[in-house]
Number of protein chains: 2
Amino acid sequence: MPVAKGTSLDPARTREGILAAATGLLYRHGLDGVGVSELCRAVGASKETLYRHFGSKDGLIAAVLEERSARVTHWIAEAATAAGPRPADRLAAVFDALGEWYAEPDFRGCAIVNAATQRHADPARAIAATHLGRYLTMLGDIAADAEAADPGLLARQLLMLLEGATVVADHHDTATAAADAKAAALALLATAAPTRKQAP
Amino acid sequence: MPVAKGTSLDPARTREGILAAATGLLYRHGLDGVGVSELCRAVGASKETLYRHFGSKDGLIAAVLEERSARVTHWIAEAATAAGPRPADRLAAVFDALGEWYAEPDFRGCAIVNAATQRHADPARAIAATHLGRYLTMLGDIAADAEAADPGLLARQLLMLLEGATVVADHHDTATAAADAKAAALALLATAAPTRKQAP
DNA sequence: GCACGATCGAACCGATCGGTACGACCCCCT
DNA sequence: AGGGGGTCGTACCGATCGGTTCGATCGTGC
């Protein structure tokens, strides 16, 4: 409960606060499951402030999705690079990170893909496309380092495992999804790059 | 445009007509993207008729999803059994069928999973869970026939590929999704059941 | 031949939606 | 000291939503 009436913090701080609170609410309740008034009450901001910062509800949604896409992909990429140089280790780390995410109590699937599903018009769908593109780039790096015969193909297949695991974890089987997907991903990697051993 | 005012057809026929028309509209526009009034106009039925048959919009949605789940899974299973006795052929046929689906001009992802994403309350999510369960059963049969070391694991991995391919085809890369997923599925099958050849 | 059941079309309801307007407040800067 | 900008809270707007009701209509089975 920082601010009182007039603001002491700079507007950028206000904007970030709205963004952070809206991210959770829109994810949990769905884009159409929470109204702007309710959003403002939970955020602790007035409608006027929200609309000055984001222009419209869709503007707020777009900002939320862009920020979340950047943060999530960065988090996954960090987990991968922290696992060391070996492609198999990096790939395993990606799915281990997903497993932590799936285990969170209010896991609800991929927020960006979910949003694109709920909005058939442009903004959300475009963001989802670039979001998947970011994943594909990261997986493509792993595939290339593993000297896969067709790194692009392997990356697209790994992306399907990643998104499929997320869907299955959301709608069917939360417990084993990440581990199952990890095993499948490592099997695909081994099949696509049989020449590479773990020589130093 | 069969019926005029009073009905000559039996109520079951009316119900089926509403169901069929609503299936397409709700899929294309999303569950919240089309109102009941618009739905009635497109269907050619009055609100009173719709509400007598389905009770509520959610009741209509549930009926649409149940019917679609049964029809889709039956269609995929038919494609698999028509491909012959060999597990690899049946698995390939599944993803070939998915490829036909992805290529349809108004493909929008899996209607049941999409609906479950849009509705955080019970009915749609429960239907999605049983829908994935049906897929899992079919894939489990293939895995078992292939004498996979762990048929349940393989089936869950294949399910992720199926759902992941659908997500990717919807939001990123429609063209190669099915073929990429098919190759990955066959590779997983070969890895999980290396003993089995195609002896007669 | 007549009542019954299914249907239509349109009016209607309260609720809620996204978005705007306004007066009051308070902090920062000059 | 004082003014301007960011904010709050609330009231308000038109539109639309899901759902109900009602009179008129028409085919079918008794």
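All chains are named by letter (A, B, ...) in the order of the sequence lines, taking the proteins before the strands, and each is independently numbered beginning at 1. Excluded from the calculations below are hydrogen atoms, water molecules and symmetry mates; all remaining heavy atoms, backbone and side chain alike, are included.
For D/dG6, neither phosphate oxygen OP1 nor OP2 lies less than 4.0 angstrom from any side-chain nitrogen or oxygen of A/Arg52. In this model, the phosphate group of D/dT7 is approached by a side-chain N or O of A/Thr14 to a distance below 4.0 Å at OP1 or OP2. Of the side-chain N and O atoms in A/His53, one or more sit less than 4.0 angstrom from OP1 or OP2 of D/dT7.
Shortest non-hydrogen contact noted between B/Leu158 and B/Ala185 is CD2-CB, 3.7 Å. For the pair B/Phe95 and B/Ala178, the tightest heavy-atom approach, listed with the atom from each and the gap, is O-CB, 3.7 Å.
Electrostatic pairing of A/Arg86 and A/Asp145 does not count as a salt bridge here, judged by no charged N lying under 4.0 Å from a carboxylate O.
Mapping B/Ser56 and B/Glu48 onto DNA chain D by nearest heavy atom places B/Ser56 closer to the 5' end of the strand. Annotation: of the two residues near DNA chain C, B/Ser46 and A/Glu38, the 5′-most nearest-nucleotide partner is B/Ser46. Both A/Thr49 and B/Gly35 sit near DNA chain D, but only A/Thr49 has its closest nucleotide nearer the 5' end.
At a threshold of 4.0 angstrom between heavy atoms, the contacts of B/Ser37 with the nucleic acid are absent.
Counting to the nearest Å, the P atom of C/dT16 and the CG atom of B/Asp32 are 16 Å from each other. Atom P of nucleotide C/dC17 and atom NE2 of A/His29 are separated by 12 Å, given to the nearest angstrom. The distance from atom CZ of A/Phe54 to atom C1' of C/dT20 is 18 Å, rounded to the nearest whole Å. At whole-Å resolution of the value, CZ in A/Arg41 and P in C/dC17 are 10 Å apart. Rounded to a whole Å, the CD1 atom of B/Ile61 is 9 Å from the P atom of D/dG19. Atoms CG (A/Leu31) and C1' (C/dC17) sit 15 Å apart, rounded to a whole Å. The CG-C1' distance, from B/Asp58 to D/dC17, rounds to 13 Å in whole Å. For the pair B/Ile18 CD1 and C/dA6 P, the interatomic distance rounds to 13 Å; values are reported in whole Å.
Under the 3.5 Å distance criterion, with hydrogens and angles disregarded, a donor-acceptor pair is assigned to the side chains of B/Ser69 and B/Arg134. Side chain to side chain, A/Thr176 and A/Asp173 meet the donor-acceptor criterion of an N or O pair below 3.5 Å.
Judged by distance alone with a 3.5 Å cut-off, a donor-acceptor contact links the side chain of A/Lys47 to the base of C/dG19.
Set against D/dG18, C/dG23, C/dG19, the side chain of B/Val36 has D/dG18 as its closest nucleotide. Of the candidates C/dC8, D/dG19, C/dG19, C/dG19 carries the atom nearest the A/Tyr51 side chain, counting heavy atoms from C-beta on.
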